[in-house]
Amino acid sequence: MAGGLVALLDDVAVLARAAAASIDDIGAAAAKAGAKAAGVVVDDAAVTPQYVRSLAAERELPIIKRIAVGSLRNKFFIILPAVLLLSQFVPWLLTPILMLGGAYLCYEGAEKVWAKIAHHGADGAGEEKVQDEKTLVSGAVRTDLILSAEIMVISLNEVIDEPFWSRLVILAVVAVVITVLVYGVVALIVKMDDVGLRLAQRSGAVATFGRGLVRAMPMVLSVLTVVGTAAMLWVGGHILLLGTNELNLPFLYDAVHHVEVAAHDATGVLGGLVGWLVNTVASAILGLIVGALVVLVMTLTLHRRKSKPAAAAATAAATTRTDGTIPAPSSRAAQRRDVPADRAPRG
């Protein structure tokens with residue numbers, strides 16, 4: 001009996017070591033996969049703060065929480081099942097789907113650029129339109145869906161040779177860790193002015209630092225808005241650049257790659273940085289071009305159809321009298337009602 005107990009304990013120890021090794025492997029694979037997606041994580045963290053810029057301070061964290069919950073729903077209920085099933089059965093579909101997402105990011109970025117240019121110098125320029133929270137959250141979650149999809153696909157490419165269930169666990173770990181990281185950083189960014197106000201109430205150097213922090217945060221958020229827009233164009237354009245190469249249309253990718261390599265070789269120790277900048281700028285230019293084309297198509301089609309009811313309503317409002325009444329109808333019945341009494345038909 002004692003021998004059987006010892007054997008059982010040995011089996012448990014072996015299983016425990018195997019489980020620990022498996023957890024270590026999953027952790028290492030998740031870290032590797034997440035590191036490859038680090039660039040998109042930075043973009044996600046830069047894009048999100050712009051959604052809470054015009055909110056009251058007490059609503060910032062609740063809105064970030066709602067966006068983070070929406071991000072987790074995106075990852076676990078849409079992206080994770082989709083990428084696993086597609087990678088298992090129709091892996092060739094991943095690239096076209098990701099390119100559609102990239103085109104949407106280009107559209108979002110180009111639309112923001114166009115809005116900035118179109119309203120420049122207009123009356124009320126610089127005033128931010130306050131959106132209702134539902135619209136704000138839904139827009140942020142839609143953008144997060146594209147960024148999260150790229151994060152998950154990049155992570156998937158790093159563990160594509162793992163068994164199905166290992167891929168599932170690794171991607172789930174990546175989804176949770178990256179979501180916590182991104183929205184934790186976003187929460188810190190948007191609440192730094194409150195931290196500065198608290199510090200400013202103290203004395204000495206701490207108060208000086210707090211006041212400086214309060215003065216700096218509007219500029220930081222403005223810079224993040226610009227970075228977020230640029231990130232949309234960069235990431236979207238980079239997705240399209242890589243996608244065209246994977247779809248055996250390599251002329252754009254090859255052209256950018258040749259310029260990147262030439263810049264790398266010509267700048268010595270700074271070659272890595274300069275090469276990355278060349279690729280980034282080229283991707284952003286491609287994203288702006290594609291996004292501008294999508295904005296043009298949307299303006300000529302969907303937005304024009306939406307503007308027709310608004311134009312009709314404006315026309316109807318223009319016919320309203322200045323005293324608030326509507327002009328009387330000019331129908332025959334109305335004309336008969338206006339006939340003088342001495343000319344009215346006798347009964």
Side-chain angles (χ1 to χ4, degrees), residues 39-40 42-44 46-54 67 70 74 95-132 134-150 221-245 247 249 251-253 255-256 279-314:
V40 189
V42 172
D43 299 337
D44 206 354
V47 168
T48 306
Q50 64 186 291
Y51 289 101
V52 296
R53 285 196 64 187
S54 57
I67 297 173
N74 284 342
T95 297
I97 291 173
L98 198 56
M99 290 180 71
L100 286 176
Y104 177 78
L105 274 182
C106 295
Y107 163 71
E108 285 261 302
E111 190 177 44
K112 292 181 185 299
V113 172
W114 172 245
K116 188 69 175 177
I117 295 173
H119 295 98
H120 181 69
D123 293 338
E127 295 181 4
E128 295 181 0
K129 181 180 177 181
V130 179
Q131 301 182 69
D132 64 278
K134 184 177 180 181
T135 302
L136 188 149
V137 171
S138 62
V141 171
R142 280 197 305 271
T143 300
D144 174 89
L145 178 65
I146 308 303
L147 292 170
S148 294
E150 191 186 6
L221 290 175
S222 297
V223 170
L224 282 175
T225 300
V226 175
V227 171
T229 301
M232 290 180 182
L233 296 173
W234 165 35
V235 175
H238 194 64
I239 292 173
L240 295 176
L241 194 64
L242 292 178
T244 55
N245 186 55
L247 293 178
L249 299 170
F251 58 95
L252 279 176
Y253 180 87
V256 173
N279 188 287
T280 298
V281 171
S283 298
I285 292 172
L286 175 62
L288 183 59
I289 293 172
V290 173
L293 291 174
V294 178
V295 168
L296 179 62
V297 171
M298 295 290 285
T299 302
L300 295 177
T301 56
L302 183 62
H303 293 172
R304 177 170 290 183
R305 287 199 298 269
K306 287 183 178 180
S307 66
K308 287 182 179 180

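Not measured: the values here are computed from a predicted model.
- With sequence neighbours excluded, the residues forming a side chain to side chain donor-acceptor pair (under 3.5 Å) with Asn74 are Asp144, listed by chain and number.
- Here the straight-line distance linking atom CG of Leu288 with atom CG of Leu293 works out to 9.5 Å at 0.5 Å rounding.
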Stepwise side chain to side chain contact (heavy atoms under 4.5 Å, CB included) check, Lys112 with Met232:
CA-CA 10 Å; Lys112 292 181 185 299; Met232 290 180 182; 3.7 Å; yes
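- The closest donor-acceptor contact from the side chain of Thr244 to the backbone of Leu241 lies under 3.5 Å.
- Scored by the side chain to side chain contact (heavy atoms under 4.5 Å, CB included) test, Val137 finds Ile63, Arg66, Ile67, Val141 as partners (sequence neighbours excluded).
- The two residues Ser283 and His238 make their nearest non-hydrogen contact at OG-ND1, 3.3 Å.
- Taking all atoms of both residues into account, the shortest heavy-atom contact from Leu240 to Ala103 is CD2-N, 4.2 Å.
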Derivation of the side chain to side chain contact (heavy atoms under 4.5 Å, CB included) call for Val294 and Cys106
CA-CA 8 Å; Val294 178; Cys106 295; over 6 Å; no
For the pair Lys116 and Thr229, evaluate side chain to side chain contact (heavy atoms under 4.5 Å, CB included) and give the outcome as yes or no after the intermediate values.
CA-CA 11 Å; Lys116 188 69 175 177; Thr229 301; over 6 Å; no
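- Taking OG1 from Thr280 and CG from Leu233, the interatomic distance works out to 12.5 Å, rounded to the nearest 0.5 Å.
- Minimum heavy-atom separation, Ala110 to Gly291: CB-C, 3.4 Å.
- Applying the side chain to side chain contact (heavy atoms under 4.5 Å, CB included) test to Leu100 and every residue at least two apart in sequence or in another chain returns nothing.
- Scanning both residues, Gly237 and Leu286, for their nearest heavy atoms gives O-CD2, 3.6 Å.
- Contact between Glu108 and Thr143 at its shortest, heavy atoms only, is OE1-OG1, 3.0 Å.
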